[in-house]
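Every chain is numbered from 1, with letters handed out A, B, ... down the list of sequences. Because only heavy atoms are used, hydrogens play no part in the values below, and waters and symmetry mates are left out as well, while side chains stay in.
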Amino acid sequence: MSELRTAGANPPWDGLDGSDRHAACMVAARDGDRTALDVLVTELTPLVWHVARGNGLDRSTAEDVVQTVWLALLRHLDRLVEPRALVGWLVTTTRREAQRSWRTNRGQVPLSVELTEQLPTEDWLPEDEALRDDRDRRLWTAFSRLNHRCQEILRLTVLAGRAEYRAVAEALSMPRGSIGPTRGRCLSQLRELLNAEGGSR
Amino acid sequence: MNDIDPRDDDRGHEDAAVLTDLGRLVHELDPPPVGLVERIQFAIALEHLDVEVARWERAGSFAGVRGDRPGTITFTVDNLTVMVNFTSTGERHRIDGWLVPAGQHTVEVRVADHNSTTTRADDGGRFVLSDVPAGTTQILVHLVNSQGEPGRTVVTPTIML
């Protein structure tokens, strides 16, 4: 990320990680530091992308929604009282935009949680023809058969498992009661589907 | 501390193994599009940040103008609809647009790596920019009230022309 740093003095987020880093970037962005915004976009766009994709948007629509969310953040820079709340705001806003997109573009009712849990999806994941490994192919097929809700939760889970997304883990751990059991249920469903595809090994 | 670490679960290692594989597949097969971060950084590099976002309304399976096919795109925000038609003239584009409700608002077209092009809509809300370079493109509408005083600014996501 060194190319993003301003010349001369180190930026205030230098050496920080997780939500501390995002908070420092948010504070700097409020003071007009455009580099700070670019850092946030670079580091958190994968999060916004996977929430959009996990909510059933095709890649083109997901790209529009991701841009819309970042543009919407501009006027919320001063309204997000707690800079650490950025990740949660991005996830919530992306879900809302994704559901709105479903409604307006497909003439369907917005996807409620109940509906996303009932709706299996197979038609929008990238082709798996490139997958040489049989186990990979079976896992990807099983994943594609999960409902949207589970696909989003598992995408966020694997994203949050990476060191640079510690803040995602922090943000998602807030609604402990709901995300934990739901994730466990989604993992069970995934393993059942994987077994149905010919065993987990 | 990490509440969503799967190794905390009783089912433990098998879940962790599945998640490790799934994480690899998600990142290999479905990463954000190449150049998306740069397009967002262009889109948000605005003079004033207090902007309203107009959403791209895609009708049905309309695939937009990501290729070189001319077409009409509609963007909407609460009380403004921006319709734009792009006609390719080789390396450049002609943009015919229409604002609803009509108003003599200033329309600015930003194209990455080029200067902005600006025009004003007529009293019927129509505007024409006859010679816009191709590239990552964003439209801004600087609204004026009935006295001609400046008000809100509406921005669109970028489109690739």
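Contacts with chain A were tallied for I44(B), V51(B), L46(B); I44(B) has the most, counting heavy-atom pairs under 4.5 Å. Interface check for chain A: of the options P33(B), G23(B), P31(B), P32(B), the most heavy-atom pairs under 4.5 Å are formed by P32(B).
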Note to self: side-chain contact (heavy atoms from CB on, under 4.5 Å) for F143(A) and L22(B)? Distances and angles first, verdict last.
What the structure shows: CA-CA 8 Å; F143(A) 178 62; L22(B) 182 63; 3.7 Å; yes

Next item on the list: Test D15(B) against R183(A) for side-chain contact (heavy atoms from CB on, under 4.5 Å), laying out the working first.
Entry: CA-CA 11 Å; D15(B) 279 352; R183(A) 190 201 60 229; over 6 Å; no

Notebook entry, point to check: Taking it one step at a time, do E97(A) and V53(B) satisfy side-chain contact (heavy atoms from CB on, under 4.5 Å)?
Noted result: CA-CA 12 Å; E97(A) 286 294 323; V53(B) 188; over 6 Å; no

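Using a 4.5 Å heavy-atom cutoff, the side chains of L71(A) and T156(B) are not in contact. Here the side chains of L49(B) and R34(A) are in contact, with some heavy-atom distance below 4.5 Å. D30(B) places a side-chain heavy atom less than 4.5 Å from the side chain of W49(A).
Distance check, rounded to the nearest 0.5 Å: CD of Q138(B) to CD of Q67(A) gives 8.0 Å. In this structure, CH2 on W140(A) lies 5.0 Å from CG on L29(B), to the nearest 0.5 angstrom. Atom-to-atom distance recorded for I40(B):CD1 and T45(A):OG1 is 3.5 Å, nearest 0.5 angstrom. Between the NE2 atom in H27(B) and the CG atom in L159(A) there is a gap of 5.0 Å [rounded to 0.5 Å]. We find the CG-CG distance between L139(A) and L25(B) to be 5.5 Å, quoted to the nearest 0.5 Å. Distance CD/E14(B) to CG/L187(A): 11.0 Å, rounded to 0.5 Å.
Remark: D64(A) does not engage R55(B) in a salt bridge, criterion side-chain N to carboxylate O under 4.0 Å.
Interface remark: V26(B) contributes backbone and side-chain atoms alike to the contact with chain A (heavy atom separation under 4.5 Å). In this structure, no portion of H76(A) lies under 4.5 Å from any heavy atom of chain B. In this structure, chain A has a heavy atom under 4.5 Å from the backbone of A45(B), while its side chain stays farther away. Interface remark: L190(A) contributes side-chain atoms only to the contact with chain B (heavy atom separation under 4.5 Å).
Of all heavy-atom pairs spanning Q41(B) and V41(A), the tightest one is CG-CG1, 3.9 Å. The nearest pair of heavy atoms linking D21(B) to R135(A) is OD2-NH2, 2.9 Å.
A donor-acceptor contact shorter than 3.5 Å is absent between the side chain of E63(A) and the backbone of L36(B).
Contacts of residues 95-133 of chain B with chain A at a heavy-atom distance below 4.5 Å are absent; not one residue qualifies.
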